[in-house]
Amino acid sequence: MSVRDDTTTIQRRPDRAAFAIALVLAIASIAIAWSTYHAGGMASTQPVGPKTVPYIVAACLFGLALWTAAEAWRGDFPEREEQQTAPILWVVGGLIVQMLTIKTVGFSLATALMFTATAYAFNERRIWLTLPFGLVFCFLVWLAFARGLQLSLPAGPLERLF
């Protein structure tokens with residue numbers, strides 16, 4: 001398909017990234033439908049019940065996958081800006097640090113480190129401010145979940161004080 005303005009005609013090619021997104025959507029819809037079909041227990045005895053909504057979600061995802069693939073084929077998606085990899089690496093790195101340290105240093109400190117790395121990825125360079133703020137915020141979240149809701153979150157030295 002071509003886009004035409006007053007002076008030139010620009011030929012748009014199919015969007016490979018959008019095809020990848022359509023493929024992921026289709027795989028997710030098939031996985032949801034497959035697992036729903038093979039669900040046992042009460043879900044298998046009721047005609048309308050626990051299986052209905054997952055089938056609807058799977059059908060909608062598959063429709064969205066087809067729509068995305070059609071738009072990708074026509075090249076109708078707008079041009080994307082060039083991606084910056086450094087912020088993505090900071091966010092992913094913060095998540096990795098959290099996963100590796102959460103059992104040893106506890107939920108609050110590990111999540112505060114992830115919070116600080118994510119803030120740094122969004123150009124907040126005042127680490128001396130974001131780390132303590134993240135620590136207090138994450139500790140309050142830990143208190144709400146561990147003490148208020150009685151859910152088990154990893155406790156480190158800070159959490160053991162309370």
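When reading the values below, keep in mind they use all heavy atoms of this one structure, side chains included, and skip hydrogens, waters and symmetry mates. Residues: numbered from 1 along the sequence shown.
- Nearest heavy-atom pair across Val91 and Ala121 is CG2-CB, 3.7 Å.
- Judged by distance alone, with hydrogens and angles left aside, the side-chain atoms of Glu71 form no donor-acceptor pair with the main-chain N or O of Thr68 at under 3.5 Å.
- Checked by atom type, the side-chain pair Gln98/Thr111 shows a donor-acceptor distance below 3.5 Å.
- Taking every heavy atom of both residues into account, Ala112 and Gly134 meet most closely at CB-C, 3.7 Å.
- Two residues are said to be in side-chain contact when any heavy atoms from C-beta on lie closer than 4.5 Å; Phe139 and Phe107 fail this criterion.
- No chain of hydrophobic side-chain contacts below 4.5 Å, direct or via other Ile, Leu, Val, Met, Phe, Trp or Tyr residues, connects Phe62 to Ile27.
- Rounding to the nearest 0.5 Å gives a distance of 11.5 Å between CD1 of Ile96 and OG1 of Thr101.
- A pairwise comparison of heavy atoms in Gly94 and Ala117 identifies CA-CB, 3.7 Å as the closest pair.
- Both Leu25 and Val57 belong to a common hydrophobic cluster when Ile, Leu, Val, Met, Phe, Trp and Tyr are linked at side-chain heavy-atom distances under 4.5 angstrom.
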Under 3.5 Å, side-chain donor or acceptor atoms of residues 14-21 against the rest of the protein: list the pairs with distances, not counting sequence neighbours.
residue	atom	partner	partner atom	Å
Asp15	OD1	Ala17	N	3.2
Asp15	OD1	Ala18	N	3.4
Asp15	OD1	Arg80	NH2	2.9
Asp15	OD2	Arg80	NH1	2.8
Asp15	OD2	Arg80	NH2	3.3

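- Taking 4.5 Å as the limit, every side-chain heavy atom of Thr130 sits out of range of all side-chain heavy atoms of Tyr120.
- Looking at heavy atoms from C-beta onward, Phe133 lies in side-chain contact with Phe115 at the 4.5 angstrom threshold.
- Hydrophobic cluster membership is shared by Leu161 and Leu135, with clusters built from Ile, Leu, Val, Met, Phe, Trp and Tyr side chains linked at under 4.5 angstrom.
- Leu64 and Ile30 are assigned to two separate hydrophobic clusters, defined by single-linkage of ILVMFWY side chains at heavy-atom distances under 4.5 Å.
- Both Val92 and Leu100 are members of a single hydrophobic cluster when ILVMFWY side chains are connected at heavy-atom separations under 4.5 Å.
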Sequence neighbours excluded and cut-off under 3.5 Å, please list the side-chain donor-acceptor pairs for residues 140-150, or say none.
residue	atom	partner	partner atom	Å
Arg147	NH2	Phe162	O	2.7
Gln150	NE2	Arg147	O	2.7

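- Taking every heavy atom of both residues into account, Ser108 and Cys138 meet most closely at O-CB, 3.6 Å.
- Atom CG in Leu113 sits 10.5 Å away from atom OG1 in Thr118 (nearest 0.5 Å).
- The closest side-chain heavy-atom distance from Leu158 to Val105 is not below 4.5 Å.
- Rounding to the nearest 0.5 angstrom, the gap separating the OG1 atom in Thr116 from the CD atom in Glu124 is 10.0 Å.
- At least one donor-acceptor pair closer than 3.5 Å links the side chain of Ser29 to the backbone N or O of Ala26.
- The side chain to side chain contact (heavy atoms under 4.5 Å, CB included) test applied to Ile56 returns Thr52, Cys60, not counting sequence neighbours.
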